[in-house]
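If you're wondering where the values come from, they're calculated on a predicted model, not measured in any experiment. Lettering of chains follows the sequences in order, A, B, ..., and the numbering in each one begins at 1.
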Number of protein chains: 2
Amino acid sequence: MRADAQRNRERLIEVAHEVFKERGLDAPLDEVARRAGVGPGTLYRHFPTREALHEAIMATWIEEVAGQVEKAMATEGGCREKLLAWFEEYVALLTRHQGAAAKITASLGCQDSPLRTKCQTYADANESVLAEMADNGVLREGVDNLDVCRLLGGVATMADHSSLAPEDVRPMLDVIANGVLKA
Amino acid sequence: MRADAQRNRERLIEVAHEVFKERGLDAPLDEVARRAGVGPGTLYRHFPTREALHEAIMATWIEEVAGQVEKAMATEGGCREKLLAWFEEYVALLTRHQGAAAKITASLGCQDSPLRTKCQTYADANESVLAEMADNGVLREGVDNLDVCRLLGGVATMADHSSLAPEDVRPMLDVIANGVLKA
DNA sequence: ACCTGAACACCGTTCAAGT
DNA sequence: ACCTGAACACCGTTCAAGT
């Protein structure tokens, strides 16, 4: 890759990060190209689809997921507190950008989405937490990881669309925790 | 209202219903006007915003909500079966059109949305079911109606985005039921 | 009072011409 | 090999001219 191409690519990711944070994942791509100081054709050369650009951006926060699992599991208290700390983090990680939660969770099931490999990281992280709960004997029988991921994705999407504060999200996570843990 | 205006209005709602069912609530409004045989300006005169058109369409299925509550409460079995039958119906009512679940649930909280009065019907219906559960002493303390509505809206939105079949939705509703009912 | 449809604006996407 | 920016397409929205 030529040096100027490399620079343009990095600059585009950086600028897209800003623009998407400000105006959501559906923000005009023109704006991204303009702020990065390149023609629209250059953006399309590097990222043929909007999703390709999303994917490139999410790569940066995906790296944090594993660390957040550890942090949540180190929470003071019992299994319930640890689980809820993780749920809150999961929702926070999904709602970093407007529109992200719905898109990531939607690509959980289907094999062909460009986001799939990325969102698999979320699913794996959640699975590891559920496995720990099972080891401690507090997980209900028959609770499926994919279902929990979708429930959390649904909560994150609602939080996103209604701009909910963490304290408004918490009661929903409580219900899910009740539903996932043994009585 | 003039007779031709009346006819146009009805025809627009009818056609919009078809178009939105086929292509989702974000379908081009041009298409609606074209199929209805009117100019785009006429559509805008009757429905100044896309949401106004959504609202007009939803008015037709809103009428069914009360009936579905009764039907669900008549389900064979205990409280849990009744509750789950209602949850399934709630999700079905929200996913009649692509994109509807997210929009309706998003307008649950905010006072100024044109959809608010309509989606209030959903919230009221759910509240009546929860109240019945409480009367039977099976509802957990501190379960809030709005939170349950949002959880169900989240499930419906995920079902919508991933085109989930009822059997894939059911396990999520089981978790919510577990979380809402006493152990 | 209502309708039409041309006109404008905005944005996504492509591609011929440049370096 | 990569970039530019004009050009086209599509769709939302408005409004002057009609009936």
Novice: Going by atom type alone, with no hydrogens or angles, which donor-acceptor pairs under 3.5 Å involve a side-chain atom of residues 173-183 of chain A and a protein atom two or more places apart or on another chain?
Specialist:
residue  : atom : partner  : partner atom : Å
A:Asp174 : OD1  : A:Arg80  : NH1          : 3.4
A:Asn178 : OD1  : A:Arg80  : NH2          : 2.6
A:Asn178 : ND2  : A:Asp174 : O            : 3.4

Novice: In residues 38-49 of chain A, what donor-acceptor pairs under 3.5 Å come from side-chain atoms, sequence neighbours left out?
Specialist:
residue : atom : partner : partner atom : Å
A:Thr49 : OG1  : A:Glu51 : N            : 3.4
A:Thr49 : OG1  : A:Ala52 : N            : 3.0

Novice: Heavy-atom distance under 4.5 Å between the side chains of B:Glu88 and B:Val169, does that happen here?
Specialist: no
Novice: So, A:Glu132 versus A:Asn136: side-chain donor-acceptor pair below 3.5 Å or not?
Specialist: no
Novice: Please report, rounded to the nearest Å, how far the P atom of C:dT4 is from the CZ atom of B:Arg34.
Specialist: 14 Å
Novice: According to ring pair (Phe, Tyr, Trp, His ring centres under 6.0 Å), who are the partners of A:Tyr90, at least two apart in sequence or on a separate chain?
Specialist: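 Expected list: A:Trp86, A:Tyr122.
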Novice: Tell me, what's DNA chain C's dot-bracket, Watson-Crick or G-U with both distances under 3.5 Å, | for other-strand, [ ] crossing?
Specialist: ||.|||||...|||||.||
Novice: Taking distance alone, no hydrogens or angles, what donor-acceptor pairs closer than 3.5 Å link side-chain atoms of residues 16-23 of chain A to residues at least two apart or in another chain?
Specialist:
residue : atom : partner : partner atom : Å
A:His17 : ND1  : A:His97 : NE2          : 3.4
A:Glu22 : OE1  : A:Arg35 : NH2          : 3.0
A:Glu22 : OE2  : A:Arg35 : NH1          : 3.3

Novice: Tell me, for nucleotides 11-19 of chain C in 5' to 3' order, what letter each nucleotide earns: B for a base near a protein heavy atom under 4.0 Å, S for only sugar-phosphate near one, - for neither?
Specialist: SSBBB----
Novice: Rounded to the Å, how far apart are B:Gln6 CD and C:dA1 P?
Specialist: 16 Å
Novice: Return the value, rounded to whole Å, for the distance between atom CG of B:Leu43 and atom P of C:dT4.
Specialist: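 My rounded result for the distance is 11 Å.
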Novice: Could you tell me the separation between the CZ atom of A:Arg45 and the P atom of D:dC2, rounded to a whole number of Å?
Specialist: 6 Å
Novice: Hey, are the side chains of A:Met73 and A:Glu70 touching, using non-hydrogen atoms and a 4.5 Å cut-off?
Specialist: no
Novice: Quick check on C:dC2: is either OP1 or OP2 less than 4.0 Å from any side-chain nitrogen or oxygen of B:Asn8?
Specialist: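 Checking B:Asn8 against C:dC2: no side-chain N or O falls below 4.0 Å of OP1 or OP2.
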Novice: If the cut-off is 4.0 Å, is B:His46 near the phosphate of C:dC2, judged by side-chain N/O to OP1 or OP2?
Specialist: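 The answer is no; no side-chain N or O of B:His46 sits under 4.0 Å from OP1 or OP2.
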Novice: Less than 4.5 Å apart, any side-chain heavy atom of B:Val143 and any of B:Arg140?
Specialist: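 Sidechains of B:Arg140 and B:Val143: in contact.
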